[in-house]
Amino acid sequence: MNNPYIKPKNNSTNSVMFDVIIALFPLIGVAYFAYGMQALFVILTAVLTAISTDLVFSYFYVKNWRAIFDGSAIITALLLSFTLSPITP
């Protein structure tokens with residue numbers, strides 16, 4: 001027997017990562033509601049920094065710039081920004 005019995009049609013790494021990103025969207029709304037624009041600035045800064053860092057290291061070290069499209073940098077940045085204080089400079 002193979003588990004799980006019900007398998008999604010598109011069960012790739014990209015689709016799972018983007019499902020996690022979609023699941024984190026309500027937390028962005030809660031952060032905005034609780035802390036205002038400062039929280040969104042921290043989230044935006046973390047996401048842009050993670051994507052640019054992933055792009056640089058993927059291009060120069062792995063020689064595969066398409067690796068940035070798997071969504072792992074965005075998830076890492078979102079989780080990091082949720083642990084930082086909204087008044088982080």
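Heads up: numbering here begins at 1 and tracks the sequence. What you see below is based on every heavy atom in this structure, not just the backbone, and it leaves out hydrogens, waters and symmetry mates.
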**Prompt:** Do L80 and L27 share a hydrophobic cluster (ILVMFWY, side-chain heavy atoms under 4.5 Å, transitive)?
**Reply:** no
**Prompt:** Are any non-hydrogen side-chain atoms of F69 and N14 less than 4.5 angstrom apart?
**Reply:** no
**Shared hydrophobic cluster for L79 and F25 (ILVMFWY, side-chain gaps under 4.5 Å)** = yes
**Asked** Sequence neighbours excluded, which residues qualify as side chain to side chain donor-acceptor pair (under 3.5 Å) partners of S72?
**Response** D70
**Fill in**
Interatomic distance, CD1@I75 vs CD1@I21, rounded to 0.5 Å, equals 4.5 Å
**Fill in**
Value for CG (L40) from OH (Y35), rounded to nearest 0.5 Å, stands at 13.0 Å
Quick one: side chains of residues 41-55, donor-acceptor pairs under 3.5 Å with protein atoms, not counting sequence neighbours, listed by atom name and distance.
unit_1: T45; atom_1: OG1; unit_2: F41; atom_2: O; d: 2.7
unit_1: T49; atom_1: OG1; unit_2: T45; atom_2: O; d: 2.7
unit_1: S52; atom_1: OG; unit_2: L48; atom_2: O; d: 3.0
unit_1: S52; atom_1: OG; unit_2: T49; atom_2: O; d: 3.0
unit_1: T53; atom_1: OG1; unit_2: T49; atom_2: O; d: 2.7
unit_1: D54; atom_1: OD1; unit_2: S58; atom_2: OG; d: 3.2

**Request:** Tell me, please, which residues at least two apart from Y32 pass ring pair (Phe, Tyr, Trp, His ring centres under 6.0 Å).
**Result:** none
**Request:** Would you give the length of the straight line joining atom CG of L78 to atom CD1 of I28, rounded to the nearest 0.5 angstrom?
**Result:** 5.0 Å
